[in-house]
Every structure is written in C-alpha cells, then in structure tokens.
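Remarks on the structure that follows.
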Amino acid sequence: MSIQIFNTLSRQKEEFIPLEEGKVKMYVCGPTVYNYIHIGNARPVIVYDTVRRHLEYRGYDVKYVSNFTDVDDKLIKAANELGQEVPEIAERFIAAYFEDTKALGCAEADVHPRVTDHMVQIIEFIEALIEKGYAYESQGDVYYRTRKFAGYGKLSHQSVDELKVGARIETGDKKEDELDFVLWKTAKPKEISWDSPWGKGRPGWHIECSVMAREHLGDTIDIHAGGQDLTFPHHENEIAQSEAFTGKPFARYWMHNGYINIDNEKMSKSLNNFVLVNDILKEMDPQVLRFFMLSVHYRHPINYSQQLVEDAVAGLERLRTAYGNLKHRLGTSADLGDHSDIWIHKIEAIKTAFIETMDDDFNTANAISSLFDLSRLSNTYLLEKQTATIVLETFIAVFDELAGVLGVPFSQQEELLDEEVEALMAERIRARKNRDFARADEIRDLFKEKKIILEDTAQGTRWKRGQ
RNA sequence: GGCGGCAUAGCCAAGUGGUAAGGCAUGGGUCUGCAACACCCUUAUCACCGGUUCGAGUCCGGUUGCCGCCUCCA
C-alpha cells in the first residue's frame, strides 16, 4: 500500500509518487523571526516534522528545507520599536526558534535558508521575470503581473475576476493592476536595504520562498507545506513566480495544516490571546504539547484550552506507564517458548494498523489510538504470572519504533535514585515484609512529597516520577 | 460578493456506503495489607429535512448554526 496525501491542488487524496524514486524534496514555509513562536506557529513545525519522520520511516530519503524570513515589514517594525537592528532581532529569534522546536521534538531541517543570504538569487530571479514579461518595475518597486500567469488561482481555486470583486486589495498608482503583488520593495530612508537594479530595497514576501525552494531543492519539488492561511495569497503567488520562471510545475503536492484556536477563539493580537511556546513550556512538558497537537488530524482545527491539555496529560501518562511497566517487568521475565508467537503476532498487527493509518494522509489521531491499543495489549500481557523476555522486548521495540515516528518517545534516560532514597526504599520493602504497614505507608508518603510514585506489584516495588 | 471548512456520547476525537475506533471523565466490579498501576463491564444512531441505494454518519439537494481565507498571518 502506498502513501496517500491530500493535495490542496486537487482537493483530494492522491497516491504519493515522488519525482525521484525513494527521494522526497520537501519545503515547509518557516516563520518570520520577529518574535517567539506561538503555538500556532508550532503546529506546522510539529506536523511536518511528523510527516518527515513517517516518510523516512517508510524508507524515503527526505531532503527537508524550511526557511527563515529574516527581513520584512514586521521585523523592521520590531526593530524600530526595540531600537535594535533587524539582523540582531532575527538572530535572537532564530535561536529561540531552535530552542523551542527542539524541545517539541522537531528535528532541524537539512537546510534552514535565510532570505538575507539569497539576495543575489532573488534579484536574478526577479530580473528574469521582468525579462519574460511577468514583472515590471515601477518607481523603484517591482510587481508581478498577476493576470499574465494563466494558472493563477489554481491552488486556492479562485478565479482572478472574483478576486478582484470583493477583495480589499490596496490600489496604488504604482501598480498596473490591483491584483499585482510586489516582488521588490524600494527602501524608505534609513531602512535596511540591498542594492538592486531598481535601487535600494528589499524583497517582497512571496519571492523568497520561490527562490530558496529552487535554490535548495530544484525547479520542481515534491511536497510544499504550510499553514492553511498561506494557501492564498502566499502559495498561489509562489506558484505564479516559480512556474513563470521555470516553465515547470513548482510543487507536486501541497499540504496545508489547520489552525489553532484558544478557548474557541482565533489567536489574534487584538484579543491578546497569543500563547507563546516559550511561555507554556515553562510549565508544561513539551511532549504533552506535541502529543496534544498530533491527537487531531492535521487538516482540522484544534482548540487549545487548559482542560484539553490536562486530558492530553492523562492520555500520555497512560502510554508512558504502560511502557515503564514493560521495562520494569523485563527484570523478572524469562525465556518462555509458550504462546509467545501469539502475542508477537498481535503486536505486529497493531504495528501494521499504525503504518496503514499513517500512510493514509498522516492520520496521527488514529496512529495514537494504535499506541493505546498497544498499551492495552501490553497491560493485559503483564497480567500473566510469568512473562517471556522476547515478548516484552518486542513490545518495547514496537513502542519505541512507533513513538519515534510520532516524535513522542517514551524511553526516558535511565535514572538512578540517590543512596538516601535507595535506603528508604529498602527499608520500606523490609517493613512490608514484616507487615509494618504504618511505616511502609509513611515512607510511601515521603516519596510522594519528592514526586516519586511507588507501586507495589507481584514482581516487587516499582517507581516513577509523578505529580 | 467569491472560495472553502466544520457540526459524531459529559468533554476531546477517528471514521468518505455495510449494523458507530480510541482517549479523558463518570458509575460498578476484580486485583492490592491499603493504595497506585492495570484489567473487565458501563455511556451515542452521528445538527435538521428530503432524496439516491438492498443498505448512508459516510453520496446528492436543501435548512440551521459555527468557523476560516479573499489584507500581514502558521
């Protein structure tokens, strides 16, 4: 069975066939680095990191590129407000981006291109568009001649004529047509700028992605992804630029993720309800946030609230406990031949279901339920009086494998308790043996204060970190 | 005005023709010295109306409600 991807271009699921067998060229629109990322920014990073993990898990060699917009109006505004230089701010928030996304389990892209490193290519690209008649200079600005590109609107499925009617498009006397969008903006006095054939200025927002995608992945890429709001105009404009330039299809599969709402409202500055990743990670396990995001299909909206996060905590805890209990049992398991095949067969069936649902347009919500199926199965297996090492190891291996695809690993660093705590633990075991339950409970409460949960099982006492 | 999405149990959420996954929460039971973990059981006919079909949450038409894009935006 092949991988299916919902392609915004066709608005349906399509079989994924990469341009080059076994290889995937993937471009994900990255952030404008003028602030810390909020959880809405984090969603695409997590979603497409998971897409990448799954593609790699399925044997593809993925080249993953995600840009930083390190110069634009918002950055200039931020620079003015803070009294700092644009590069200084960009640098700071790029560092913060890496810190936040790493905590969320997102691998770095193979390339993180920055706009300011591609000025030469951007200018060349624009010059070529002018030469081909797709762009024109006007008082230091350069605009794209939108109506000239026949395929305009094919991604967002809008006709240029309809766009013209209701759109709140600024009409400036610099433009030939109100649908035209800017490729190069002339700089205001003292603003950060680069020399160009049209004078000092900086690139428009859309051109950068066309240029950097081509620079690092070639004329045609396999998957281009981003938030739903980028479909129009950003991605539509990228297509217009790139396809006018190369004469080839720009991207074969377009993926767009849904929004995040806060308490059922859109995040917005006016409502002042932005949730910054950097802030919530001070109080929240980053894996919980990732798990929470993946518990909903990527194309659907997610509502974010304290209550829902707490539910996610409970769910993730269930999986972690199952995993931890397997590890604990490993210490007392034996080489039993009996019935092991049956259990292993069941584990494999769950793994297969996981893969199939991920193949089907990256249905992480279903994939997570496979993980719950696996934990129920393992919990049931642990009810056995004697467990086989091979079965436990299979459980653990599959847990690791599947959780790895989702980027929510359960394996913690092997942690040791310090001597004092170990001594108390030993004392409690003796106390229980002597049926001195008062002392045993006292010690258990002591541990609880240290946020260590003790659980007595037929195979001895196990412990885990808890609330 | 144009384009699009959503409406499934108390909450969250899968499910694109064949008698409603999963999680959280609730209640009951088992296990336990007690507890915790866990296990078992328990809770829906899928916004509404009409149609197609042997059969629809799942397709078609309509109604209602909510949301997004068309302007910087993940």
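Chain letters run A, B, ... following the sequence lines, proteins first and then strands; every chain starts at 1.
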Checklist entry - Which part of the nucleic acid does A:Arg444 contact within heavy-atom distance under 4.0 Å: base, sugar-phosphate only, or nothing? => result base

Item to check | Closest to the A:Asp311 side chain, choosing from B:rG23, B:rC70, B:rA14 | outcome: B:rG23

Next on the checklist: What I want to find out is whether A:Arg320 reaches A:Asp285 closely enough, with some N-O distance under 4.0 Å, to be called a salt bridge.
Outcome noted: yes

Checklist entry - Does B:rA74 have OP1 or OP2 sitting under 4.0 Å from an N or O in the side chain of A:His234? => result no

Checklist entry - Taking the side chain of A:Phe372 as heavy atoms from C-beta outward, which of B:rG15, B:rA74, B:rG22 is closest to it? => result B:rG22

Item to check | Phosphate-side-chain proximity, A:Arg318 and B:rC39, N/O vs OP1/OP2 below 4.0 Å | outcome: yes

Checklist entry - How is A:Asp441 classified with respect to the nucleic acid when contacts are heavy atoms under 4.0 Å: base, sugar-phosphate, or nothing? => result base

Checklist entry - Which nucleotide, B:rA14, B:rA74, B:rC39, lies nearest any side-chain atom of A:Thr32? => result B:rA74

Checklist entry - For A:Arg435 and B:rC34, is the shortest distance between a side-chain N/O and OP1 or OP2 below 4.0 Å? => result no

Checklist entry - B:rG33 phosphate, OP1 or OP2: any side-chain N/O from A:Arg432 under 4.0 angstrom? => result no

Item to check | Distance in Å, A:Gln4 CD paired with A:Asp359 CG, rounded so as to fall on 0.5 Å steps | outcome: 8.5 Å

Next on the checklist: Quick check on B:rC69: is either OP1 or OP2 less than 4.0 Å from any side-chain nitrogen or oxygen of A:Lys266?
Outcome noted: yes

Next on the checklist: Strictly below 4.0 Å: does A:Asn379 bring a side-chain N or O up to OP1 or OP2 of B:rC37?
Outcome noted: no

Checklist entry - Quick one: which of B:rG33, B:rA38, B:rC69 gets closest to the side chain of A:Leu383? => result B:rA38

Checklist entry - Considering Watson-Crick and G-U wobble pairs with both distances under 3.5 Å, what does B:rG4 pair with? => result B:rC67

Checklist entry - Given B:rG15, B:rA74, B:rA35, which nucleotide is nearest the side-chain atoms of A:Asp229? => result B:rA74

